Structure formats: C-alpha cells, structure tokens
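As the structure is a computational prediction, the values presented were derived from the model and not from experiment. Convention: sequence-line order gives letters A, B, ...; per-chain numbering from 1.
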Number of protein chains: 2
Amino acid sequence: MSQHADPLTLEVVDLIASVVTRYHEEYEEAACAHNLTGAQARVLSLLSHRPMPMRKVAVRLKCEPSNITGIVDRLEARDLVERRPDPSDRRVKLAAVTEEGRRTEERLRASLDFAREPLARLTEQERATLRDLLRRMLGENAENADEDEDCRDGDAKD
Amino acid sequence: MSQHADPLTLEVVDLIASVVTRYHEEYEEAACAHNLTGAQARVLSLLSHRPMPMRKVAVRLKCEPSNITGIVDRLEARDLVERRPDPSDRRVKLAAVTEEGRRTEERLRASLDFAREPLARLTEQERATLRDLLRRMLGENAENADEDEDCRDGDAKD
DNA sequence: TATTGTTATACTCTATAACTATA
DNA sequence: TATAGTTATAGAGTATAACAATA
C-alpha cells in the first residue's frame with residue numbers, strides 16, 4: 001500500500017475530492033435554507049419518491065434504525081412527513097411525505113444547482129463523455145443507486 | 001427554478017451523486033478503521049501538511065473555531081496532535097501532528113483507495129479527458145483546493 | 001478595540017442495547 | 001423465535017454566546 005500513483009491520477013483524485021466537497025457544501029446549504037439538516041433533507045428526498053418502511057430508510061441512509069425514529073419525528077413535527085400503517089404488516093410504519101413535504105422537497109431540489117449549473121459549461125458531447133467515464137469509474141452496478149433498486153418488495157410474501 | 005434538465009444532464013448529476021456518496025462512505029470507513037471520526041481524520045490530514053493555527057483549521061473545515069477545540073482535544077488525548085505556541089503571536093496556538101499522528105495519517109491515506117482503484121479502470125488518455133472535464137466543471141479557481149491555497153501566511157507581518 | 005482560543009450550552013446525528021408489538 | 005419500530009443512553013459534531021489573554 002501507499003503506492004504513489006502518477007501525477008495525472010493524483011490530480012484527478014484531487015479534482016474528485018473538490019467535487020465531493022463542493023457537492024456537500026451546496027447540499028448542506030440548500031438544506032439549511034429550508035431549515036433542514038442534511039440528514040432530514042436526505043430522508044425527505046428519499047420519501048418523495050415513494051413511502052417507505054422506517055427500516056428501509058435506515059438501510060438507504062446506512063445508519064441504525066433507531067436514528068430514523070428521531071429524524072422522522074422532527075420532520076413529522078413540522079408536517080413534512082407522516083407515519084402510516086402498513087396494511088400488510090402491522091409491525092411496519094410507512095414514512096411518507098405530506099403535501100407540504102413534497103413542496104419543500106421540490107423547492108429543495110430546485111435549489112440544488114450544483115450539478116446542473118457547472119454541467120452547463122460543458123457541451124452535450126462532453127457531458128456524454130463525462131457520463132461514460134463516470135459510469136466506468138463506478139462500475140456497472142451503480143448507475144441507478146437512487147431510483148430503482150428498492151422497487152422490489154424483497155419479501156416474496158403472499 | 002425547477003427547470004428540468006435534459007436526461008443526459010440528469011444522468012450525469014446522478015453519477016456525480018454516486019461518486020460523492022461512495023467517496024464519503026469510503027472516507028468514513030477508512031477513518032473508522034483507524035478509530036477516527038471523519039472530522040478528526042480531516043483535521044489530521046490537514047495538519048499533516050503543516051502546523052496551523054486553530055482558527056485556520058476552522059476556516060479550512062468551514063466550521064466554528066469553538067468546534068476545533070474539541071476535535072483537537074480528542075486528537076491530542078491520543079497523542080496524534082499537539083498544540084504549540086506561536087512565537088510571533090502569543091494568542092495563537094499552532095496545532096501540529098506528532099510523529100504518531102503522521103504515521104496514522106499515512107496509513108489512513110494509503111487506505112483511501114477509492115479514487116485510485118476505480119481510476120485504474122480508465123486509460124491514461126481517459127483520465128486526462130476526465131481531468132479536463134472536471135476542471136472545467138469546477139471552474140478555474142478550484143484546481144488545488146487542498147494543497148496550495150494556504151501556503152501564504154496572509155499576515156504579511158515582519 | 002479587535003482577535004485567538006476556550007468554555008458553556010443546546011441541538012442533531014450516530015451507535016448500542018433493551019423494550020413492545022407484532023409476525 | 002425473529003422482526004419493526006421505539007426508547008434510553010452516551011459520544012461526537014455543530015452553532016451561538018460569553019469569556020480571558022493578547023494584539
């Protein structure tokens with residue numbers, strides 16, 4: 001380990017670190033502008049796709065389920081999120097955005113200009129190139145991390 | 001606002017989000033493997049370049065100076081960092097890595113394979129292309145966010 | 001008077017463990 | 001017995017405000 005990569009690779013690493021830093025700063029800023037913490041914004045954004053069991057939210061956020069209780073509590077206290085029973089399993093509570101939660105999430109998303117605005121500096125051809133390079137960097141298994149992978153019930157109950 | 005970008009742009013945005021997520025996960029993991037929090041690892045890494053006044057650390061981490069007191073306290077309790085007086089201004093305390101801190105930081109850095117390993121999937125030509133695209137995305141002012149901008153004293157004392 | 005670092009406080013996020021109600 | 005969600009607890013990061021030492 002500690003093998004030193006070539007200068008080009010190191011520069012790309014640095015650039016990626018800059019992207020990461022900038023992305024996070026803008027995300028926190030946008031969340032803060034709506035009186036949300038980063039974690040609250042992530043949960044709100046996640047639930048805006050579809051209602052989801054508390055446990056699944058924890059899995060998506062990669063944190064312990066007990067933490068989701070508090071985060072959803074705070075969102076629920078502001079009427080951005082609500083807990084609904086799951087008809088098929090009375091142990092489960094489905095966290096779901098309210099109408100106001102959806103509006104807040106839309107405003108939040110609209111203010112997340114980071115990725116859009118700098119991308120406008122690139123031509124369409126360049127964006128396609130960037131897409132291909134990022135895809136290959138991330139591997140074939142990561143292209144829809146936020147949209148698709150949790151559509152299945154995964155329970156196969158009947 | 002809330003203007004919907006073209007599908008290509010949205011996909012690139014998604015890919016960047018994946019990069020950001022993965023980078024952070026790996027960073028936290030690497031820090032955790034050395035019994036460090038993310039913030040502690042960032043401070044350690046920052047100080048490994050050179051000693052720095054507490055206040056400057058706060059500026060670099062974009063948080064309030066009072067927080068740095070606690071983070072450096074915890075690093076100092078483990079002999080990874082020490083506080084030194086600044087001969088030129090007795091108000092200032094310079095935070096500096098110890099020998100053990102430097103060794104820890106080196107091991108930490110060596111374990112941060114994320115950016116190196118996936119980059120190996122690209123040819124040198126592709127990495128150069130990626131570098132150019134990221135540079136243009138970030139703008140001309142961001143190419144050395146972690147290495148260079150704090151070399152100046154900024155005080156012009158003498 | 002302004003600046004550096006610290007303390008005190010409050011809030012949020014986090015993991016762990018124990019609890020409950022369901023399955 | 002196992003699972004979903006909660007509670008309680010402790011540690012860490014964060015911002016704010018007030019403070020001592022120094023400039």
>> Can you work out whether A:Leu61 or A:Pro87 has the more 5'-proximal nearest nucleotide on DNA chain C?
In response: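 This one resolves to A:Leu61.
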> In whole angstrom, what separates B:Asp89's CG from C:dT3's C1'?
Replying inline: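 My rounded result for the distance is 8 Å.
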Does [X] put a side-chain nitrogen or oxygen below 4.0 Å from OP1 or OP2 of [N]?
| X | N | answer |
| --- | --- | --- |
| B:Arg55 | C:dT4 | yes |
| B:Lys93 | C:dT6 | yes |
| B:Thr37 | D:dG13 | yes |
| A:Arg90 | C:dA21 | no |

Output the single nucleotide from [options] whose closest atom is nearest the side chain of [X].
| X | options | value |
| --- | --- | --- |
| A:Gln40 | D:dT6, D:dA21, C:dT12 | C:dT12 |
| B:Ser66 | D:dG13, D:dA17, C:dG5 | D:dA17 |
| B:Ala39 | D:dG13, C:dG5, C:dT6 | D:dG13 |

>> Under 4.0 Å between a side-chain nitrogen and a carboxylate oxygen: does that hold for A:Asp14 and B:Arg135?
In response: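 No, no charged N to carboxylate O under 4.0 Å.
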>> Less than 4.0 angstrom from a charged side-chain N to a carboxylate O is my criterion; do A:Arg136 and B:Glu126 meet it?
In response: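 A salt bridge is present here (some side-chain N lies under 4.0 Å from a carboxylate O).
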> When the nearest nucleotide of DNA chain D is assigned to B:Gly70 and to B:Pro65 on a heavy-atom basis, which residue is associated with the more 5' position?
Replying inline: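 Residue closer to the 5' terminus by nearest nucleotide: B:Gly70.
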> Is there a donor-acceptor contact under 3.5 Å linking the side chains of B:Arg109 and B:Ser45?
Replying inline: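 Result is no, nothing qualifies.
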>> Is there a salt bridge (charged side-chain N to carboxylate O under 4.0 Å, His left out) between B:Arg22 and B:Glu26? Walk through the geometry before answering.
In response: CA-CA 6 Å; B:Arg22 179 155 168 203; B:Glu26 301 229 357; 3.5 Å; yes
